Every structure is written in C-alpha cells, then in structure tokens.
Amino acid sequence: MRVCLINSPSLRTRAVSRSMAGGLGFDGAEALLLPPLDLAIMAATLRAAGHAVGLVDADPLRLDTAAVVARLADGAWDAFVATVSLPTLAEDAAFIAELRKTHPSATIVAKTLVRDARVLEELLRRSGADLVVHGEADLTIPEILAGTARDACAWIDDGRLVFRDGPPVPDLDALPLPARDLLPNDRYVYPLLGAPVATLQTSRGCPYPCGYYCPYPLVEGKAWRAQSPERIVAELRDVVEQHGIRKIYFRDATFTLDKKRIARLCALVREAGWKLEWMCETRIDCLSDELLEDMAAAGCVGMLVGVETGDESIMHRKEGKKGLTVSKLAQVRAKTRALAMRLHFLLIVGLPQETRTSIVDTYDLVQRHDPDTIGVTVITPYPGTPLHADAEREGWVESRNWSDYGGHQIVMRTPHLSRADLARGKQFIEEGFALLVRARQQGAPPALDGERRRHRAALLAWAHGLEDVRRRAERKAAALTATHALPLSVVIPTYDRRATLRKTLLAFSAQTADPASFEVVVVDDGSSDDTLAMLERLRTPFALRVVPQPHRGPNWARNAGIAAARGATLLFTGDDMIPSPGFVEAHLKFHHQHPAERDACLGLIEWSPEIAVTPLMEHITGPAGGQQFAFHLIRDGKAEFNLFYTSNVSLKRSLLVRQDPWFDTDFTYPACDDTELGYRLRVRGMELHYRPQAVTYHHHAITTASFVERQRMAGRMSVLLTRKHPELNAPLTRVDEHLAMPERPDAAALVRMLDAVLELEKPDLTKLAALRTGGETFGAIYRRAVLDPLYTSLLAMAYHLGVLEGATEPFDVSLVVPATAAAGAVRDTVLRLAAVTTGPHFEVVIVDDGADDETRAFLASLGGDVRIVRSPERLGVVRACNQAARVARGRYLAFVPPGALPGDGWLAALVAAATEEPGTAVVGSRILGAPGAGRRVEVPAVPFPGMLVQRERFAAIGGFDETCPDAAAAVDLCARLRAQGGRVVLEPASIVTLSAAEAAPSYHGDPPRIMEATS
Ligand code: SF4
C-alpha cells in the first residue's frame, strides 16, 4: 500500500500544538512547533510491514489545506492517516473532507486522542473519514488499514457509531524508532530550548489523581509504562548521530516518576559523551537533590513542574497536587538554581475549590519562589475527565464549542469564580510575574517596587471584594473635584416601586422648568419588579440617568446617586413623591437667589390627593403628632436640621460632597439618617430655608400597623444616632430618658395596644362629621379627644420599645458561624462574609467548636465586630448555633456554616424580606444550583446556610432542637415557627453557594422538597 500520514494544517488559521494537553491539542504560537512523534512511529511500523510511506507535517512546511492537497495530487495513495485535535476539530474535519473529495477511493483514517463518543461521531459525519483511530495504534496500524483489526477504532455502521477500545502498547521498548527521516527536523522549535529540537516520549500514562482535570491519564491511561534507559539511548543516538539534533524535549507526563530509571539514563548519556541540552516535564515530588545533580550533569537545562495553585488547602487535596508541598518546592527551586537549571511553573487558575483568595496564594507563591518562567492556563473540562462530568452536572460549563478548548479560552465557571474572575485571576498572576521579571532584570528600582506594591494591593482589593470600596473612594474623590455642567440633579433611590416611580417620573416630565436645566438620577436598589426594564423604555424630556446596584438600602443608593450626579445642586426626593409642576423651578429659583454654599432649601410635602388620608396619616404629619413630617415647627421661613427631609430637600453639591460619609450607611432603616446628615451639615454652617412653593405629593398610603413598626425602628435608629452624636440626646432623641423610665414595654404589650387602637379607629368619621356640637363636628372631636391621644401614646410606646431594643440589640443581625469544619472552609466563609456583607449593621459570632490550630490562628487574626465563643467540649453544629444565639445581640440571627459562600447583597435582601412582610419569622437564601422560584415565596422550610431568623422568636421556641440531626434542624425549626403563626419565606435575591462537600450534605437537606412553594 501507499500510505500518507498527515499532520493536518492549522498554522494558517490557528497555531495549535497537537501533541500538547496529552495530545488533545493546545493553543501554542508560531514559535512552538513540535514534531508529530505519533505519526513518525506509525510510519516506521508501516515501513517495516513493507508499505510505501509518505509523511506531510503541514505546519512547519507552511502548507495550508490547498497546498497539502496539491502536494498529494500526483501520488496514487491507497490510504491516508490525518491528525485531529480537539480545538481544531472543525478545521481538521474540513481538511479530511477535502481529502475525501480528491481521493474518493482511498481509505481515510482520522487520528485523534479524543475518546468522547459524541465528538467522534461528529468528526466522522463531518469529515467523511472511514474510521477514527483514537487509541494506541503504533503497532497495529498496518492491520487497521488492511481492515483486519479494529481495536482502538470507531466508525459509523448502519448509521450508528461503533466504538472499540484497544489495549495500550504494553512494552514501549517494542516501539520502532520514529521515522525521523520523513520529518523536516530543522524546523522544529520549542521556545524554552530553541531550535532545532527533537521530542522523545519515553513513558506513557500517569497514575496521579490530578487526572481529575488533567488529560494525560485520560488519553494515555493511569497505568504507567516506560522504556528502558537503553532503549531511550538508542533513540537518542539516532537523533544525535543521524539527524544532528542536540536539543531534546522529553514529552513524558511525569518523566522522573521512576528516579532510578532516569539516574541510569543520565549515566548512559554522560557515557555517550553527547553535549545535549534537554528539558522535561515532571512533578516536584518525583525529584531529589541527587537526581537533579545527575540530570544537570547529563545536560538537563530545565524542567516544567506542575504546581497548579498556591492555595495549599487545595494543593494538598487528592484531586489537586497531593504530594507537592511548598517546602519541597522551595528545596527544588534552590537546588535547580544552584545547578543553573531553569524551572517553569505550570499553573492553573480555577481548580473547583479555588476562590479569589486562592489566586492571591498563587500570585504570592510565584513571587516568593521566583520561577524562571511560568505558564498559566485556565481550568478546562476536557471531555472524559471526571471534572467534565462534574462541570456538566453542576452547570458550570458555559461553552461546548470545541474550538474554545485550546487551554487559553474560558469555557466554564467554578463554584466560586465566574468566567470574568478566572480571566482576571490569570491576568493578575501573569502581570505580577511580568513585574517580577522586570525587577529581576532592572535590579528592583524604587519606582518598580512601588508598581509591584500597587499591583498586589489591587489584587487584594479584588480578592477581598474591596474593589467596590476603592471604586467608591475614587468616585468620591472625582465628585470632589468635578465641575458640573447642569444646574440641578434630582436624586431618587428606588426599590420595587415600578408603577409609582413611573408616575413620579412622568410628573418630572411635566415641569415648568426647562428640561435642559436638570437631570434625574434614579438609583435602582436591586429591584425585583422589572423597574430597570421600565426605566429603559421610558422616554423623558430631561436627562434620565439610571444607576443599578445590588439591594443595599436607600443610603447606599443615595450615595451612588450623588457620585453619578452632574448638577451643581442636588435635590433629594423619593420614588413615591409626585412633584407639583413648579417643583423643580422653585428649587432652582431658590438656589439662583441664594448662591451661597450654606443655603439649602426644604420644600413642602403634602399627601397625594389621589390617596385616602386616614386620621393616622393626618396625625403623623400634623401638629398633634408630626412623627413623620413636622412642618409646623418651622419658624420665620427657617427649619432646623431635624427637618432635613430627603423627600424634598436641595443643597449645594459642594457642601455635601465634603461630608464624610455622605449619607451614613450604618443607618440601615430610613429613620434618623436624614437627621444625622442634616446635623453634620448644620455644624458645617448649613442654613435650611423653607419654600412651600416647592411642593411634592406623598403617594403612599400608610397603615397604623406599619407606622407603629416604623416608630419602633425609629427608636432603634435614635440609639444609633445618639451613639454617634451624644449631644443630640437631650434636645432630640431623649434616649437616656427612655432608658431610665420604669416602664419596660415589650412587643406583646405593643401589639395589644395596637389592637385596641385598630378597634377604636373603626367608627366612620364621615358619618360623625354630620353631627356637630358648638362649632366642632363629632368627627373632629373624636379625632382630637380619642384618636390623637391614642396615636400619641401608641407611637410613643413603639419608639420607647425601639429605644430599649436598640440599646440591648445594637446590631440588626448576628451572623453565626459554627467553626466546626476544616480551617480552609472557615476562612473562606469568614472572608467571603467580610467581602460581600453590606447594608444591615451586623456582628459576627463564631463558635470555636474544638477548632484546630490553623483555624484558631485565623480566628485570632480577625478584628471588627467579631466575637469568638469557645465551647469547652465539641458541640456539633446545632448546639454550637444555640450557644452563639445565647450571646448574640442582633435583632436577627443569620446562620452561615463553613463552606457557605454568600453572594453580593445577600444579607440586605434577607433583612428586607424579613421587615417588609409583617409576621415573617424566617427568611431563607437560595442555594445556588438548587431549584426555586424567581420571586419571593412562602415555603415550608428553608436551607440552613444563609437562613435568617428573628432572634426573639428563635429564643421563644428554645432555638434549634438539639436532639435533631444537623440536616433536619433547620426544617424542624421552620416547622415549629410556622406552627406558632410565623411566616417562612425564600428570598431568591439572597444567594448562597456551597463550596465544599462538607456544607452540602450536612445542612442542605432535600432541596426540591424544601424549596417547594406553598403560595
Ligand atoms: S501528575 Fe501531571 S500529568 Fe499526571 S495527572 Fe497530574 S497533572 Fe497530569
């Protein structure tokens, strides 16, 4: 037979090294051209069997498809074998299809190491090849071409794929010497060695468990087979003496797995007297000082070692680089440096357990151990690896286009890293290494030192979620220096009020002021009701700017609005405040007439004529109460700082942006926050003028029950305000006075009083208005004599209770972390909490439940509102949580076991869900990957990780049942709270990922059953 073996062309379209990635193919560069050893061995076997053989290696010969086809045109070829790699599958199939056209009667074989049946079927159908050889056919290729053997092949029969496994070559010494005379040897180049280079593969297979992700065991098997040193030397003799090549790259997966074999090989090479320069790939734990000395003496100039990650907790995992230790790495680094051998670290970003902090570890490892070169790839789920199965099952795979499987593309996310994170992590490591190389070359000048420090600081900011903080600081700095093109910016924070917000914005469209004189900045605080879509569709005559943010609360939103605003004057209002037509004009006119920085303008707030105003609503905005708006306190057109109402107030931007903070985000409930900022501004000289012409209409009906809750929260926030500004105690908040009162109302007493007031609200005042005594109607008398005093007492009680609660529960939430797992999981969870938890004022209570030394050392390094509770004996998760709850000071408890990794805005979303619906006892987070509704729903029970419980209710039922197994404790708690009338809801905006196996089975229970919505 005349057989032509072809290494298919790729270079013109894509530089792919077909022998890399275990032979699946890997994106390289023009400067990386390695010989097709597999084809050269097949050629030798075919020749030995008496066939006439040609070999075309397209890329080094610079041949594209047309040129290869032209070169083959004059030969009467009976068979072709053409290589196929995974990332070039489409191009290779097209090339083979072209061969089929020009040689319709020849036998055409596609040679690949891809084993996935779907991929092979796709290849056969697209290429028109007769069969695929996917296994080791070095010795059986003559029989395969003759049709007498079919092991290690796949083909289509009767429309269906037939797949046959084949045994690996048991004795690699039996392989013939590759037919290198058929190769353009002088054109092969390996960047770390130069050219011309020859490759040898002296062993096949790799038994190590990093085959979880690595393709070598997949394509070569786990059983390690090796050539004898004598056989290797015979091949080297051919390379050196017949072809004159002295640069050798050993392509074994783990060249030094058998140290004695390599020591003997080195001795033989030295004896031969060849001046070789060679490199190999291996594992750090397969090296010793003695072996390295032998290798250096035999011409080894460097090696590539698999390091993968600098995160030791992952490095030491079975499916990581178990066997590698940092101290061993340091030892090898020192030895190779002493022997002038180059060390190349092979790094992978995105092993499934890696977090952003793992990237910092890898970055630091590279900086500390100073390799000569590095290669950074992003985790790739090669089909057939266990990683691929996991990634498919967990939904991590985001591209199934094989052309993306070249090792440098990002085709999947991981449980903790998005594709953007993976790209950023790789970039950080590569940039850091480039700076290291510059420092090595330039002798670390101070300017470069600074650049390196800043680069690491940027990495840390990214890793710990502080980029947001940094961005805010930068925005703030920019705001301080910005010049403003517009006279006025209206700032509106909004959350889940799409219809009312639309009405508000339409009213801004009908202003008497020139639309070019103002803009409206709407900050969407993570609404779940398609507010953003509505805003996108809305057309307005003024500039409408939309700033989205995760749900964090109105003060975060206002601050984002301030940063985005371009107006010289800032006008704050609400999403439910419908402006009168002259609203903007009145504010503009005021500032035009009062250009001094100190002058601010308070407008009037009336109830919207479109809503029914209840006696309670009149009470809280009138002289009898005034708890919401107290315009009756205004004297001589001037208002005090406690009337700095963010529903209708404008001030010079330059005055506000010099405040630090702007709106104080410690106020997690909208009460006292505006007073607090107003006070600081007043201290800075602000004068608040009242302009009733600037009127806006509050389009929000308020119930008595909801305002009682609001007053209770106002009491809590007053405690915070007083802590920040003790001088406001006597004139304003009277917190000390409340704390000294002998009456100690509790929540039940407040509910009883509220129930009584609701009963007394029932008489129809319009009917009573028909009756008069003297000049007053009975309706007015009932209000004055019955309702107003009742409202005053009820709201005072609510405020009093709030003050008492605020003093004893200084935090909104106590985050409870039972440190019952390994140090890595505890650290990941605590660092994640620090990075993503914003909004509610929280403390962290960690139960050291017999933690190991590493965990203790980590816990000892924590600062801030973190309390460590040590238990004298090992309690387990359920009892540890109960113990933490006993010392917690938050109004809510949120349980975050090690391994649980909450997402951005998770806590704010939980607290919002807990406070917005009365009677809510438990709010659960959505576990990433678990089924669930896209909206907030009532459920029978929620998962334990990320579960928020009202502390009062938790304590009232005795906490978790300590006789319950861990997995059932959350379900049992929810059932008992529901039996007491508490609502249990699942909040989809709060997302928690489970990082490690320990978190999932222990606490998660049965997701489909738990998540099933009941309403
Ligand atoms: S030791 Fe290297 S070649 Fe072997 S499975 Fe691990 S990463 Fe792959």
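Each ligand, and each atom within it, is numbered from 1 in the order the structure gives. Worth saying up front: this structure is predicted, and the values here are computed from it rather than measured. Numbering starts at 1 and runs along the sequence shown.
- Nearest non-hydrogen protein atom to atom 2 (Fe) of ligand 1 is Lys321 NZ, 4.1 Å.
- The closest protein non-hydrogen atom to atom 4 (Fe) of ligand 1 is Cys206 SG, 2.2 Å.
- Remark: Met315 CE to Thr325 OG1 distance equals 8.0 Å, nearest 0.5 Å.
- Side-chain rings of Phe428 and Tyr363 stay apart, their centers remaining 6.0 Å or farther from each other.
- Residue Cys214: no N/O/S atom is found under 2.8 Å from atom 6 (Fe) of ligand 1.
- The salt bridge (Lys or Arg N to Asp or Glu O under 4.0 Å) test with Arg204 singles out one residue from Asp138, Asp38, Asp252, and that residue is Asp138.
- Under 4.0 angstrom from ligand 1, the non-hydrogen atoms of Arg283 all belong to its side chain.
- Contact of the Arg424 side chain with the Leu459 side chain is not registered, since no non-hydrogen atoms from C-beta on lie closer than 4.5 Å.
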Checking side-chain hydrogen bond (donor to acceptor under 3.5 Å, both in side chains) for the pair Arg832/Thr993: CA distance, chi angles, key distance, verdict?
CA-CA 11 Å; Arg832 176 63 76 97; Thr993 305; 5.5 Å; no

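- Of the candidates Cys210, Ala253, Gly306, Gly211, it is Cys210 that places a heavy atom closest to atom 6 (Fe) of ligand 1.
- With a 4.0 Å cut-off on non-hydrogen atoms, Pro217 touches ligand 1 through its side chain and not its backbone.
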